[in-house]
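For ligands, and for the atoms within them, numbers begin at 1 and follow the listed sequence. In this chain, numbering begins with 1 at the start of the sequence shown.
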Amino acid sequence: MFNSSPLTAAQAAEEVKTGAAAQPAAGAGARPRHVAIIMDGNGRWAKARGLPRLAGHRRGAETVRRIVEAAPDLGVEWLTLYAFSTENWKRSTEEVTGLMELFAIYIRREGRELKRRGARVRFIGERGRLAPDLATAMARLEADTAGNDKLNLTIAINYGGRDEIAAAARRLAEDVAAGLLDPACVDAAALESRLATHGFPDPDLVIRTSGEMRTSNFLPWQTAYSEFAFVDDYWPDFSVERFGEALASFGARQRRFGAVG
Ligand code: IPE
Ligand code: IPE
Ligand code: MG
């Protein structure tokens with residue numbers, strides 16, 4: 001048999017670089033540590049009931065509360081929720097304004113409870129386009145919960161994965177131009193360290209509700225080796241039971257990260 005140790009060392013280095021080493025291997029009932037959710041289907045839920053789209057978003061906020069509450073008991077340590085994409089500005093002013101109001105209401109109503117439950121809340125996404133009051137409330141909740149560690153809850157508002165990667169590339173270019181970074185040192189780890197999610201483990205499982213099977217610009221870098229679960233329920237109908245089923249389905253997967261399983 002040939003000595004395979006040099007290759008193994010290279011693979012190990014690559015795993016460290018990509019974060020794969022820190023991720024659960026899945027299989028045999030393993031539970032995902034980091035779950036990311038594309039909360040889709042609020043509009044169709046409302047339409048099916050003859051209600052305005054905003055009624056669907058309001059019901060969707062109730063689902064957020066239930067899922068956030070259940071997550072720690074289901075072994076989830078990191079929960080990242082896609083609430084508003086950089087492309088969602090294409091919607092009507094009425095819907096966009098209503099959603100922004102809902103985010104402010106959610107922070108006002110749930111902030112104290114999240115803090116009490118030991119959640120550390122973070123927001124990712126470009127804040128420059130958000131109303132100053134909302135951006136202030138977001139920063140305050142992040143500061144108020146910074147010492148918590150029971151659940152790492154990240155909410156993506158005005159988030160776009162391509163913009164996030166472009167911003168990281170811009171920072172790399174700035175550092176090279178300033179003479180702080182050798183271009184030869186620009187690798188995956190250097191770029192990752194300039195993403196909004198720096199320091200987060202990569203998502204183990206991504207759940208998308210509403211039957212759509214696409215990622216819509218959500219965490220493209222971070223989900224390179226994530227497992228996916230597509231669920232037919234519209235987000236307002238997504239239950240803790242269905243959440244548990246999706247988590248259990250992860251345990252049946254075999255993750256290989258490019259190696260032979
Ligand atoms: C997801 O529900 C919430 C946001 C994108 C803000 P949608 O509003 O996309 O609902 P559908 O997909 O139109 O049903
Ligand atoms: C993705 O849903 C964004 C969020 C859930 C916040 P969309 O409804 O915006 O995605 P597409 O347009 O169907 O791809
Ligand atoms: Mg949608």
**Request:** May I ask you to list the protein N, O or S atoms found at less than 2.8 Å from the Mg ion (ligand 3)?
**Result:**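 Listed by chain and number: D40 OD1.
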
**Asked** Is there a side-chain hydrogen bond (donor to acceptor under 3.5 Å, both in side chains) between E227 and Q254 once you walk through the steps?
**Response** CA-CA 9 Å; E227 299 294 325; Q254 197 198 3; over 6 Å; no

**Request:** Could you check whether the rings of F103 and F84 sit parallel, tilted or perpendicular, using 30° and 60° as the cut-offs?
**Result:**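 Perpendicular: the ring planes of F103 and F84 meet at over 60°.
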
**Asked** How are the rings of Y159 and F218 set to each other: parallel, tilted or perpendicular (split at 30° and 60°)?
**Response**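 Because their plane-to-plane angle is over 60°, the rings of Y159 and F218 count as perpendicular.
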
Side chains of [X] and [Y], donor plus acceptor under 3.5 Å:
{"X": "S85", "Y": "N88", "result": "yes"}
{"X": "W45", "Y": "D233", "result": "no"}
{"X": "D204", "Y": "H34", "result": "no"}
{"X": "R208", "Y": "S216", "result": "yes"}
{"X": "E87", "Y": "N217", "result": "yes"}

**Request:** Any chance you could measure R58, atom CZ, to L99, atom CG, to the nearest 0.5 Å?
**Result:** 10.5 Å

**Message:** Out of all atoms in ligand 1, which are within 4.0 Å of some heavy atom of H57? Include the element for each.
**Reply:** 3 (C), 8 (O)

**Request:** For ligand 2, list the protein residues that place a heavy atom within a distance below 4.0 Å of one of its atoms, sorted by chain and number.
**Result:**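 Residues within 4.0 Å of ligand 2: I38, M39, D40, Y82, A83, F84, N88, R91, R208, R214, S216.
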
**Request:** Among D144, L114, T154, L151, find the residue that satisfies the side chain to side chain contact (heavy atoms under 4.5 Å, CB included) test when tested with V121.
**Result:**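 Only one of D144, L114, T154, L151 forms a side chain to side chain contact (heavy atoms under 4.5 Å, CB included) with V121, namely L114.
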
